[in-house]
Every structure is written in C-alpha cells, then in structure tokens.
Number of protein chains: 2
Amino acid sequence: MNIDADLFKKLSFFTEPEFKEELLKHGQLASFNKGDVIVRDGQYVKFLPIVLKGAIRVYQQKEDREILLYYVRAEETCTMSLAAAYFNNQSSSHGIVTEPAEVLIFPASLIDQWQLKYPSWNRYVMNMFRRRYDELINSFEGIVFDPISVRVLEYLQNKAAKENSSTIEISHQQLASELGTTRVVISRILKDHEKQQKIKLYRSRIELL
Amino acid sequence: MNIDADLFKKLSFFTEPEFKEELLKHGQLASFNKGDVIVRDGQYVKFLPIVLKGAIRVYQQKEDREILLYYVRAEETCTMSLAAAYFNNQSSSHGIVTEPAEVLIFPASLIDQWQLKYPSWNRYVMNMFRRRYDELINSFEGIVFDPISVRVLEYLQNKAAKENSSTIEISHQQLASELGTTRVVISRILKDHEKQQKIKLYRSRIELL
DNA sequence: TCAAAACGGTATCAAAAGATACACAAGCAA
DNA sequence: TTGCTTGTGTATCTTTTGATACCGTTTTGA
C-alpha cells in the first residue's frame, strides 16, 4: 500500500503542505486485527493514533460494568489518548479494535508543536473534542429521558443508517454492553419490538422493518 | 478595582508576557448578578468568557427537563462557548449566573490566534476540555451505576466540601433539577437519610452530620 | 463427533423510580 | 391581615428495570 497517496485522500482537512510533510515523516502506519488492544487503563500514552480505517472501541471499566465512551473511526482520533498524551498522564480508558483497523501513529511529543504551527490541526483537535462531548451529552440524554426500549431502537436505526443496511449483525449480549444494561432486558425488549413488527430477529442478526 | 493586579493573580497560568498584554488589551471586565443570562440556546457566541469570580450554570434544555452540564467557576472558561465561538456556531446551551460573577470577556476572533501563539493558552484549553469531559463521564457513571439516594448524598458532600461548610442552602426542587429527577423523589430520599441520621433537614437548608 | 460455549426465550420476583394527589407550613407582598 | 407563592411531607399506584433461574438451540473447536 502506498502510504502517501492514500494518506492525503483520507486526511485532506490537514491543509498545510509542511504539515503534510511532517505527517509523512513522523507517522507510522500500523495495522490491527479485531480484538487487538490499543490502550489499556493505567498505561502512559506515548503515541497519538489517527484512524484511517476500521474502528476502535474506547470505554472505561469500573468494577464489573463498563461505560462506552465512543468509537474512533476513519479520520478520527481518540480524544482521551490525545489529552492523556498531551499531559503525559496515564490513560483512564481501554481501547480495543472492533473492526480491523489501519492507524497512523505519531509520537505524543509532537502535539505541542503542531498546536502552535498548524491551524488545521488546531481545528481538527477542537472539532474532535466538540464531537466527543456532544456524543456523550447525547448518550446522557438518552439515559436520563428515554426508556431502554427506545434507546435500543435508536441504536439499531443509527447503526443501520451508518452501515447503509437494514440488517445489523449483533448479539443481544453485545447490545446490552453498548447500552449499559443486561442481556435479559435486551432480549425481552427486542421480542416486544418484534411482536410490534418493528424488527425481525435472527441469531446474532436483527432486521429493521 | 484594579484589573491588572487582580487579573494576573487569578490567571497566573497564562505565562507569556505578550499574552498578558493581549489579555489586558482585549479583555473587558463585566459583572453579573445572580440570575443574569450569559448565553441562550440558539445565540451566536461572539465573546469568550473567563470567569474570575462567582459561578455560571451551563445546561441544556430539552422539552420540559434539563441537563446540567457544568458550572463555570473562577479561572475556568465555558468549553461549550469556546467551541461554539471557535466554529462560529450557535450555542446549544444556556448559561445563567448562579453566584454573582466577575467575568473577563474576549472577542471570539482572538481564539484562533492565541492557539498559534501561546502555549499556555493551548494548555489551558486542553485542560478545560479534559476536565469537562471527565466531569460528564462522572455524572454519567453516577446515573448508570448509583441509585439516586447515593447520588444525593454525594452531591451534598461534594458541595459541602467545596463551600467548606456542613450546611447547604438548597431547596428540594433545586436538588431535583441538579440531579435530573423530581421533587417528590428527593424529598422522600432526604427524609430517609434524615431518619438514618446522616443529615438534618430545615427549610431550604440541609445539614450534614 | 461430541462437548463446551455462545445465543436466545421466558417466567418469576423484587427494587427503584416516577406520577399524582393532597395537606400543611413558612415567607412574602399588597 | 390576607392571600399568594414556595417549600416540604407523605400516601398510593404504576411502570421500568434488574436479578435469578432454567431451558432449548446453534455454533465451534478439540
């Protein structure tokens, strides 16, 4: 694979020519398989990832339950890593590859300089922070105001829209993890939705009607 | 009041001399009373506030219920305003003064340049984003994992610690708003806590034991 | 091929939280 | 004072969610 060509198709919002050079010079392309661990709770973050392809699930682990923060997808970076790297802190989150990923990796020490040199980088960082924050607010609202039955449906519709397909490959257990509840609750609710002809259930697969 | 002296006592983490000059040159000191509206949902954000004293409550309004995002206190800025100003977006939140406030106000157009010129500003912004994000995660965790009874107690203890006093001036209705629930629920829970000798209730006042 | 693991359905029970309604007290303003 | 607003206590009822348990089916891998 030719890094140069593909890189700038993906990261076209980094506009400064010198910045592009730096990206090429300092960036390293890494491939990860599903299940690979990118960061672990407690680790110091020395490298900043920018995802080109695939998805990384970022979540926090507290006792037995977990909180999903976000997925890092193409063109995105992990704001938790960014902040931890910038302040030389330990990560408070886990990052695990859920879709085979290609990731650009940069030494954390560059962030400082980039901020001062490249407006497009600044914009990018601000935008990422804003988006992650908005995402979290949205989840927050969902939990406070919407019953799980609604959140399940929204999750499915959302996912279907993203993947441009009316069937979604996911088990009840996974769904429960995403929404922060238990498998039994999800199964019960999905069955209800099926009775109301909103969805159709298969093994590890849900079809939206 | 002498702006210069007080300003740099408060904002000592802005280290660059030229930056200090800029702060003095472009900053305007404004005073607000309790209840004053700083930003409204839908408004374009043309000015960036840095609070020197007091507190501003930032929240989102959805239908009849509201979501508390954070309070902007001394030395802090409002990340929602910051992002909205930077991207020239409308605010999606409300900001209302809850403790008489003194606020430094800067034209939003400066943010861009500051990012490129002043490392300490960069650090400040990153830190604010990180903190707000962490705060939100914490609330999130609370809602997902802790029963309201626990969250009420934590809220009170937290507030008591901040104000360095074992009595807190707050009505049940206000508490309900802060925690995203209803008055009746709060009254019920507070009474329970009182029976367990954890607190003592007065009109619009709660004493921690 | 056979056993274990993953997946899903469902019943029962309990707990948490919200909705509603009503009563009374304290503070405030005309 | 009188009436209005705000604050609080509490009872009742319902809904939502979670916990537990048990069962059968499908998939997977040794």
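All chains are named by letter (A, B, ...) in the order of the sequence lines, taking the proteins before the strands, and each is independently numbered beginning at 1. As a basis for the values below, the full set of heavy atoms in this structure was taken, side chains included, without hydrogen atoms, waters or symmetry mates.
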Please report the distance, rounded to the nearest Å, between CD1 in B:Ile199 and P in D:dG9. 9 Å

d(CG, B:Asp192; C1', D:dT10) in whole Å: 12 Å

Using the six-membered ring wherever Trp is involved, compare the ring planes of A:Trp114 and A:Phe19 and label them parallel, tilted or perpendicular (cut-offs 30° and 60°). perpendicular

Could you give the CD1-to-P distance, from A:Ile189 to D:dT15, as a whole number of Å? 16 Å

Is A:Ser149 near enough to D:dT16 that one of its side-chain N or O atoms lies under 4.0 angstrom from OP1 or OP2? no

For A:Lys195 and for A:Val144, find the nucleotide of DNA chain C with the closest heavy atom, then tell me which residue's nucleotide is more 5'. A:Lys195

Round to a whole Å and report the spacing from CD of A:Gln173 to C1' of C:dA5. 13 Å

Once the angle between the rings of B:Phe140 and A:Phe140 is folded into 0 to 90°, is it parallel (under 30°), tilted (30 to 60°) or perpendicular (over 60°)? tilted

Return the nearest nucleotide to the side chain of A:Ser204; candidates are D:dT10, C:dC7, D:dT17. C:dC7

Less than 3.5 Å between a donor and an acceptor, one on the side chain of B:Arg203 and one on the base of D:dT8, is that the case here? no

Expressed as a whole number of angstroms, how long is the span from A:Gln174:CD to C:dG8:P? 9 Å

Report the distance from atom CD1 of A:Ile206 to atom C1' of C:dG8, rounded to the nearest whole Å. 11 Å

Can you tell me how far C1' of C:dA6 sits from CG of A:Leu175, to the nearest Å? 16 Å

Could you check A:Tyr118 against A:Glu22 for side chain to side chain donor-acceptor pair (under 3.5 Å), going step by step and ending with a plain yes or no? CA-CA 11 Å; A:Tyr118 308 119; A:Glu22 276 212 52; 2.5 Å; yes

How is B:Ile148 classified with respect to the nucleic acid when contacts are heavy atoms under 4.0 Å: base, sugar-phosphate, or nothing? sugar-phosphate

Check: B:Arg183 side chain, D:dG9 base, donor-acceptor under 3.5 Å: yes

Can you classify the ring geometry of B:Phe14 versus B:Trp121 as parallel (below 30°), tilted (30 to 60°) or perpendicular (above 60°)? tilted

Side-chain N or O of B:His172 less than 4.0 angstrom from OP1 or OP2 on D:dT6? no

Return the nearest nucleotide to the side chain of A:Ser187; candidates are C:dT10, D:dT10, C:dA17. C:dT10

To the nearest angstrom, the CD-C1' distance between A:Glu169 and C:dC7 comes to 14 Å

Quick one: sort the B:Tyr59 and B:His94 rings into parallel, tilted or perpendicular, breaks at 30° and 60°. parallel

Heavy-atom donor-acceptor pair, A:Arg188 side-chain to C:dG8 base, under 3.5 Å: no

Residue whose closest nucleotide on DNA chain D lies nearer the 5' end, A:Val185 versus B:Ser171: B:Ser171

